[in-house]
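Just so it is clear: chains get the letters A, B, ... in the order the sequence lines come, proteins before strands, and each one is counted from 1. Only this structure's heavy atoms are used, side chains among them; waters, hydrogens and symmetry mates stay out.
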2 protein chains.
Amino acid sequence: MAGKSTESPVRLAAETWESLFRAQVAVMRKLQSGPAFRKLAVNEYDVLFTLSRCPSGWLRLNELNDNVLLSQSSLSRLVERLEKRGLIARMPAPEDGRGVLLKLTDEGRELQKEIGREHVRDISELMGPALTPAEQKELMRLTTKLRSSLGPRPPRQDPR
Amino acid sequence: MAGKSTESPVRLAAETWESLFRAQVAVMRKLQSGPAFRKLAVNEYDVLFTLSRCPSGWLRLNELNDNVLLSQSSLSRLVERLEKRGLIARMPAPEDGRGVLLKLTDEGRELQKEIGREHVRDISELMGPALTPAEQKELMRLTTKLRSSLGPRPPRQDPR
DNA sequence: CCAATTTAGATGCATTTGCATCTACCGCAA
DNA sequence: TTGCGGTAGATGCAAATGCATCTAAATTGG
């Protein structure tokens, strides 16, 4: 019985979060320094990626904002940049005069795929040696469960 | 046997990483918007926290940089700000004329503890309802293992 | 229906960040 | 010793970010 036997639930939660956070930092640092993100910052790629997964093709700006760790104003300007680069297109939302809908342009879709291929390869080169497939599945299950419990906005299910 | 049975290892790794990443984003968003971080940004708190865990009390700037998702120059300036606010102190490294050692001031330690208490409470309010203690332990194990496998720099073990 | 409140997104402005570069120092090798 | 590549941090500068605020449109309450 070592020193950790009197671990409180609060402490356990804090250490778990720290471990999750540090792992994310370590992986992200490796990913973003790779050659995949020469043309586009990670946040920018993430927007293209999210749009590419959207079944209708169109996504509201505010929904996008749930996915990304950026303030509303920063996302607004990031999207503005992507539009200027011809990677996404905007359209006023038909049912809500305040809203804006976004979708990938052909060029944006192309770039997303190109970066995505390399990105996925990088990821699997980091995760593969680190965790067995069963462990990866379990990690996915736990993080998905964690995210689901945080609502109120449920992690928008996205039937391919 | 549902449609995912033909999942490739590469795809599994990518989906696992995405799940981990989104969970981190979702939790972090809640944490950083809370009242705990009114006085200090999360990154700044994180530096104080890391210093507070350092057994010797002193830590090299470049070691700190492994922990945080910031470029070297950004961390350099962040530290400069913290020093200006009287929260940390610098000292030239005794054995390496290029290096800088950092430690908390009393005021910095005080503020870290104050924010830390609230922060830990917030974390456990998010994690507690989401995952059982056993699940949290497993999540911690998996993320620790992931991080350990990324080396070369091993996650500096820190015997309290 | 109208006024008041709320929500979506854009924008001014100060702060923070990253890239490139610079300086100083270390370690190594001739 | 001297010179040479490599590492630790600092700094100029442009770009990105966040806060506060603004406008416009939707929603709510009377």
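Side chain of Arg81(B), nearest nucleotide from dG9(C), dT17(C), dG9(D): dT17(C). The Glu80(A) side chain lies nearest to dT11(C) when the options are dA10(C), dT11(C), dT17(C). Distance from the side chain of Asp96(B) is smallest to dC26(C) among dC26(C), dA10(D), dA8(C). Side-chain proximity of Arg90(A) to the nucleotides dC19(C), dA25(D), dA10(C) is greatest for dA10(C). Nearest to the side-chain atoms of Asn62(A) among the listed nucleotides dA20(C), dG9(C), dC25(C) stands dG9(C).
For the pair Gln32(A) CD and dT17(C) P, the computed distance is 13 Å after rounding to whole Å. Taking atom CE on Met91(A) and atom C1' on dA8(C), their separation rounds to 16 Å, with Å as the unit. Residue Leu61(B) contributes atom CG, which lies 12 Å from atom P of dT11(D) at whole-angstrom precision. Spacing between atom CG of Leu75(B) and atom P of dT15(C) amounts to 20 Å, rounded to whole angstrom units. Phe37(A) places its CZ atom 16 Å from the P atom of dA16(D), with the value rounded to the nearest Å. Taking atom CG of residue Leu69(A) and atom C1' of nucleotide dT17(D), one finds them 11 Å apart after rounding to whole Å. Separating the CG atom of Asn65(A) from the C1' atom of dA10(C) is a distance of 13 Å, rounded to the nearest angstrom. Leu40(B) places its CG atom 16 Å from the P atom of dT15(C), with the value rounded to the nearest Å.
Looking at heavy-atom distances under 4.0 Å, Leu70(A) makes contact with sugar-phosphate atoms alone, never a base. Within 4.0 Å (heavy atoms only), Arg77(A) reaches at least one base atom of the nucleic acid.
Rounding to the nearest 0.5 Å places CD1 of Ile88(B) at 6.5 Å from CD of Glu83(B).
One finds no side-chain N or O of Ser73(B) lying less than 4.0 angstrom from the OP1 or OP2 phosphate oxygen of dG18(C). Between dT17(D) and Asn43(A), a contact under 4.0 Å exists linking OP1 or OP2 to a side-chain N or O. Applying the 4.0 Å criterion to OP1 and OP2 of dG18(D), one finds that Ser74(A) has a side-chain N or O inside that range.
In terms of position along DNA chain D, the nucleotide closest to Leu78(A) lies nearer the 5' end than the nucleotide closest to the other residue of the pair Leu78(A) and Glu95(A).
Checking Leu111(B), Leu87(B), Leu82(B) one by one against Glu44(B), the side-chain contact (heavy atoms from CB on, under 4.5 Å) holds for a single residue, Leu82(B).
With a 4.5 Å cut-off on side-chain heavy atoms, Glu18(B) and Asp46(A) do not count as touching.
For His119(A) and Phe37(A), the ring centers are positioned less than 6.0 Å apart.
One N or O donor and one acceptor, one from the side chain of Gln72(B) and one from the base of dA10(D), sit under 3.5 Å apart.
In this structure, a donor-acceptor pair under 3.5 Å is absent between the side chains of Ser76(B) and Ser73(B).
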